[in-house]
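Report on the structure given below.
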Amino acid sequence: MKDNSIYSPQSSVPVTSRVLGWSDLFSLWFSLGMGLMVLQAGAILAPGLGMAGAITAILLGTAVGVALLALVGVIGGQTGMSSMASLKLSLGKRGVALPVLFNLIQLVGWGAFEIVVMRDAASLLAQRAWGSESLWANPTLWTFIFGAVATLLAVSGPLAFIRVVLRRWGIWLLMASCAWLTVYLFQHANLVALWHKAGDGSMPFAMACDIVVSMAFSWLPLVSDYTRFGKSARQNFWGTACGFFLGSVWMMSLGVAYTLAFVSTSTDANALLLALSGVALGIPLLLILVDEHENAFADIHSAAVSAGTSLPLSIGKLTLGIGLLCTLIAWRVPLTQYENFLLLIGSVFAPLFGVVLTHHFVLRQQTTRDLNGRSLAAWAIGIVVYQLMANFLPDIGATLPSLFVAGWVCWGLGRKVNS
């Protein structure tokens, strides 16, 4: 019988339950770094930058993002605490309330987006197979099917999901589907011509890097929910970094290449999915779709863990409630404004984890206050810096400046207290 006590967001995971090794964490983060939403992110970059510029932004942004993601994951492994619980060490017990709220909003949003993109992909495949009038082409049906499956997986807990689902077959499905899409691309597209074709300049390179970094940063508020079960800091760091980097770069680059090679100038948000559904009878897309649930699983499970830091409810009840909420939102929300959603995530969590990383690795402090006003002030300054940079200096970028300014302010205030 599953021991739900080890998933409690209020307590540290005991050493005996820290059982995930490098291969477990690599499998998890390779899978989370991939997915249909990552393909869509690549599609966002493609028109403005062209293939060469987009892939350069992907490599640079992902490298920066995964380095910081893995460092935050080390904090979870060292403390044994969930992501939101570990924020209490920097912000105080009451100071964590606002990050918990923001995290719930972004995780419910991500969970709903995942269900939407799975629904749209399944509907397109069903239309190709049985026609648009078929019951199986009904988006509403797929919305509730995928919402129910993702919620049930989240209820099972991370240890069972990683070791039973991902390690045994999930990661192999993903590798097979991406390899298939890669081979098809080399066979049917002129990659040399695409590489030398310039973008239309509609997106600054720095903004593209911000979007890519935001893909990794969207996992910052939940990475410790999984690395707290890791065996060691070294395995936590390298399993997370290598898995996410390889998966994200591979999948996002496919999104760029397929958009430029096979998608017309259509403004349809599902244009890339439509193109993919025609590749090899849609089988590679179907394989990605089958394994897409791990992203929705992580969003729903971690939203429940996050809510559990403030609400006196069991993880099981919270998981069911959040899964239902994500499903209902997905039922009524189209796949639009995705780029703005990614940038909003970066504006909140990039400076927050600048503060957290500074507290843990530089100042090596753990606050005993209910509310650490200095850390909250550093976070707020970082958010302001992000918004100013994004709106007035988009060619420079906003993610890294806001993170470093928040960390620098936190360091300065922390040194002043200790002096």
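The first residue in the sequence is number 1, and the count goes up from there.
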>> For a quick test of reading the model, state the closest non-hydrogen atom pair linking Leu194 to Ala257 and the distance between them.
In response: CD1-O, 4.3 Å

>> List the residues meeting side-chain hydrogen bond (donor to acceptor under 3.5 Å, both in side chains) with Ser248, not counting sequence neighbours, and say none if there are none.
In response: none

>> Run the side-chain hydrogen bond (donor to acceptor under 3.5 Å, both in side chains) test on Tyr226 and Thr240 for me, step by step, so that the C-alpha distance in whole Å, both residues' side-chain angles and the decisive distance to 0.1 Å come before the verdict.
In response: CA-CA 10 Å; Tyr226 308 98; Thr240 301; over 6 Å; no

> So, does Ser232 use its side chain to make a donor-acceptor pair with the main chain of Gln235 at under 3.5 Å?
Replying inline: yes

> Is the side chain of Arg374 donor-acceptor paired with the backbone N or O of Gly414 at a distance under 3.5 Å, no angle test?
Replying inline: no

> With distance as the sole test, does Thr259 use its side chain to make a donor-acceptor pair with the main-chain N or O of Gly255 at under 3.5 Å?
Replying inline: yes

>> Which residues pass the side chain to side chain contact (heavy atoms under 4.5 Å, CB included) test with Leu320, not counting sequence neighbours?
In response: Thr151, Val155

> Sequence neighbours excluded, which residues qualify as side-chain hydrogen bond (donor to acceptor under 3.5 Å, both in side chains) partners of Gln106?
Replying inline: Asn103, Trp110

> Is a donor on one side and an acceptor on the other found under 3.5 Å between the side chain of Trp142 and the backbone of Val116?
Replying inline: no

>> Please check: side-chain N/O of Ser302 versus main-chain N/O of Asp299, any donor-acceptor pairing under 3.5 Å?
In response: no

>> Is it the case that the side chain of Ser253 and the backbone of Trp250 share a donor-acceptor pair, with hydrogens and angles ignored and the cut-off at 3.5 Å?
In response: no

> Do the side chain of Asp24 and the main chain of Gly21 share a donor and acceptor less than 3.5 angstrom apart?
Replying inline: yes

>> By the definition side-chain contact (heavy atoms from CB on, under 4.5 Å), identify the one residue from Thr358, Ile75, Leu87, Val223 that meets it with Phe353.
In response: Leu87

>> Suppose we screen for side chain to side chain contact (heavy atoms under 4.5 Å, CB included). Which residues come up paired with Ala398, at least two apart in sequence or across chains?
In response: Asp210, Tyr386, Met389, Ala390

> Side chain of Arg18, backbone of Val13: donor and acceptor closer than 3.5 Å?
Replying inline: yes

> Among all residues two or more places apart in sequence or in another chain, which pass the ring-ring contact (aromatic ring centres under 6.0 Å, His included) test with Phe205?
Replying inline: none

> Sequence neighbours excluded, which residues qualify as ring-ring contact (aromatic ring centres under 6.0 Å, His included) partners of Trp331?
Replying inline: Phe144

> Going through the checks in order, is the side-chain hydrogen bond (donor to acceptor under 3.5 Å, both in side chains) test met by His359 and Ser375?
Replying inline: CA-CA 9 Å; His359 255 281; Ser375 293; 2.8 Å; yes

> With sequence neighbours left out, what residues match Ala154 under side chain to side chain contact (heavy atoms under 4.5 Å, CB included)?
Replying inline: Phe297, Ile300, His301, Thr319

Show me the side-chain donor-acceptor pairs of residues 47-61 shorter than 3.5 Å, one per line, residues at least two apart or across chains.
| residue | atom | partner | partner atom | Å |
| --- | --- | --- | --- | --- |
| Thr56 | OG1 | Ala52 | O | 2.8 |

> Taking all non-hydrogen atoms of both residues, which atom of Met118 and which atom of Ala296 are closest, and how far apart?
Replying inline: CE-CB, 4.2 Å

> Does Ser202 have any side-chain hydrogen bond (donor to acceptor under 3.5 Å, both in side chains) partners at least two apart in sequence or in another chain, and if so, which?
Replying inline: Asp200

>> Ignoring hydrogens, what is the shortest heavy-atom contact between Leu363 and Cys410? Give both atom names and the distance.
In response: CD1-O, 3.7 Å

> Which residues satisfy the ring-ring contact (aromatic ring centres under 6.0 Å, His included) test with Trp22, sequence neighbours excluded?
Replying inline: Phe26

>> Could you work out, with side chain to side chain contact (heavy atoms under 4.5 Å, CB included) as the rule, every residue matching Leu318, not counting sequence neighbours?
In response: Ala304, Ala307, Leu311, Leu313

> What residues form a side-chain hydrogen bond (donor to acceptor under 3.5 Å, both in side chains) with Ser83, not counting sequence neighbours?
Replying inline: none

> Would you say Ser12's side chain and Thr79's backbone share a donor-acceptor pair under 3.5 angstrom?
Replying inline: yes

> Mind checking whether Phe404 and Trp408 have ring centres under 6.0 Å apart?
Replying inline: no

> Is the side chain of Thr227 donor-acceptor paired with the backbone N or O of Gly230 at a distance under 3.5 Å, no angle test?
Replying inline: no

>> Tell me the closest heavy-atom pair linking Leu222 and Ala298, and the distance in Å.
In response: CD1-O, 3.8 Å

